[in-house]
Visitor: 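Provided herewith is a single structure, encoded as structure tokens, for subsequent inquiry.
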Amino acid sequence: MKLYADLPGRRLVQILADVGLLAWVALWAWVGRRVHEVTMALAEPGRQLQGAGAGFRDTLNAAGDGVDDLPILDDRVASPFRSAAGAGTDIESAGTNLVSAVEKFALLLGWTTALVPILIVGIWWAFARGRFVRRASAAQRFIDADDDLDLFALRAMANQPMATLAKVSSDPSGAWRRGDRETIRALAMLELRDSGLRPPRTA
């Protein structure tokens, strides 16, 4: 498997693209985390409700305990305090539910913010790199000697624009049929350059 081009310029672009992808992932992972942290600030009112509800409940329970078992009155004075303490539990529960909802929303928003741009660029990168790897790996198996250049010259005549072929020869197909090695090599170089490969050492 050929991961990088032989040609220095194209190999440098590929390496920079790989490094750029890593930087892109790191950037959006940081952005996603910041979005999560900022969104979690919306949970502060819920935490305040939790604290207020718990404090209200504890205060009323403490007041009920303070007047509990009074002579003659028994717990008739304490019961209203303890009943009212239930409202504090409801307030605390509402705060807990609000915090839980904000946590879920913050998590979803953070992941979405990070993953969408990462996936868009990552899919494009994977497609481009996968296409190069498949093409270069397949082509690499055919360039062992000068004779292999004929195949790439033939592919160049099928794939390259007419204007590009005309720069090589006024009659590229005729030169290929005649076995003109110089023209064949020039044609093959067009296709090899697109694949990011060098010609064989003996060429």
Side-chain angles (χ1 to χ4, degrees), residues 1-137 194-196:
M1 181 181 293
K2 192 167 189 63
L3 297 179
Y4 293 97
D6 293 333
L7 305 178
R10 187 165 182 181
R11 183 169 59 245
L12 177 61
V13 170
Q14 290 174 330
I15 293 172
L16 290 177
D18 293 349
V19 173
L21 178 68
L22 294 176
W24 183 260
V25 170
L27 170 65
W28 283 103
W30 177 81
V31 171
R33 184 174 180 178
R34 288 292 300 146
V35 167
H36 177 270
E37 292 172 353
V38 171
T39 307
M40 280 302 298
L42 298 176
E44 186 58 31
R47 295 191 185 95
Q48 292 175 357
L49 279 177
Q50 283 179 310
F56 183 73
R57 181 194 60 220
D58 293 343
T59 300
L60 290 182
N61 281 332
D65 292 341
V67 297
D68 194 17
D69 296 328
L70 287 175
I72 303 173
L73 298 176
D74 293 331
D75 61 351
R76 282 176 292 182
V77 175
S79 293
F81 285 102
R82 288 171 179 160
S83 297
T89 301
D90 293 339
I91 294 172
E92 182 181 16
S93 178
T96 300
N97 291 336
L98 177 58
V99 171
S100 178
V102 171
E103 285 175 347
K104 292 176 182 177
F105 177 68
L107 190 63
L108 176 63
L109 190 60
W111 276 106
T112 302
T113 301
L115 286 180
V116 169
I118 288 174
L119 286 176
I120 290 173
V121 174
I123 290 172
W124 172 84
W125 174 88
F127 175 79
R129 294 289 282 126
R131 182 173 178 271
F132 168 82
V133 169
R134 288 193 304 273
R135 183 176 181 181
S137 298
D194 283 355
S195 298

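Position 1 is the first residue of the sequence; numbering continues from there.
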Visitor: So how far is it from Trp124 CH2 to Leu119 CG, rounded to the nearest 0.5 Å?
Guide: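 The distance works out to 15.0 Å.
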
Visitor: Please tell me if the side chains of Val19 and Leu16 come closer than 4.5 Å, counting only heavy atoms from C-beta onward.
Guide: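 SC-SC contact between Val19 and Leu16 ruled out.
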
Visitor: Can you sort out the partners of Asp18 under side-chain contact (heavy atoms from CB on, under 4.5 Å), two or more places apart, ordered by chain and number?
Guide: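 Scan of Asp18 (side-chain contact (heavy atoms from CB on, under 4.5 Å), adjacent residues dropped) gives Tyr4, Trp125, Arg129.
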
Visitor: How many angstroms lie between CG in Leu3 and CZ in Phe132, if you round to the nearest 0.5 Å?
Guide: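 The CG atom of Leu3 sits 8.5 Å away from the CZ atom of Phe132.
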
Visitor: When you measure from the side chain of Thr113 to the backbone N and O of Leu109, does any donor-acceptor pair fall under 3.5 Å?
Guide: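 Checking the backbone N and O of Leu109 against the side chain of Thr113, a donor-acceptor pair under 3.5 Å is found.
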
Visitor: For Arg134, check salt bridge (Lys or Arg N to Asp or Glu O under 4.0 Å) against everything at least two apart and list the hits.
Guide: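 By the salt bridge (Lys or Arg N to Asp or Glu O under 4.0 Å) rule, Arg134 matches no residue at all.
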
Visitor: Tell me, yes or no, whether the heavy-atom count around Arg11 atom CZ, taken from other residues, nucleotides or ligands under 6.0 Å, exceeds 12.
Guide: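 Yes, the 6.0 Å shell around CZ holds more than 12 heavy atoms from other groups.
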
Visitor: Tell me, please, which residues at least two apart from Ala43 pass side-chain contact (heavy atoms from CB on, under 4.5 Å).
Guide: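 Checked Ala43 against side-chain contact (heavy atoms from CB on, under 4.5 Å); matches are Met40, Arg47, Val99, Val102.
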
Visitor: Who are the side-chain contact (heavy atoms from CB on, under 4.5 Å) partners of Trp30, not counting sequence neighbours?
Guide: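 If we apply the side-chain contact (heavy atoms from CB on, under 4.5 Å) test to Trp30, skipping adjacent residues, the hits are Arg34.
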
Visitor: For Trp24, which residues count as a ring-ring contact (aromatic ring centres under 6.0 Å, His included) partner, sequence neighbours excluded?
Guide: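 Result, ring-ring contact (aromatic ring centres under 6.0 Å, His included) vs Trp24: Trp28.
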
Visitor: Holding to side-chain hydrogen bond (donor to acceptor under 3.5 Å, both in side chains), I want the full list of residues that pass it with Thr112, two or more places apart in sequence or in another chain.
Guide: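 Testing Thr112 for side-chain hydrogen bond (donor to acceptor under 3.5 Å, both in side chains), a comparison that skips the adjacent residues, returns none.
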
Visitor: Look up atom CD in Glu103 and atom CG in Leu98, then write down how far apart they are to the nearest 0.5 Å.
Guide: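 These two atoms lie 10.0 Å from each other.
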
Visitor: What is the minimum heavy-atom distance between Thr39 and Val35, and which atoms define it?
Guide: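 For Thr39 and Val35, the tightest heavy-atom pair comes out as OG1-O, 2.7 Å.
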
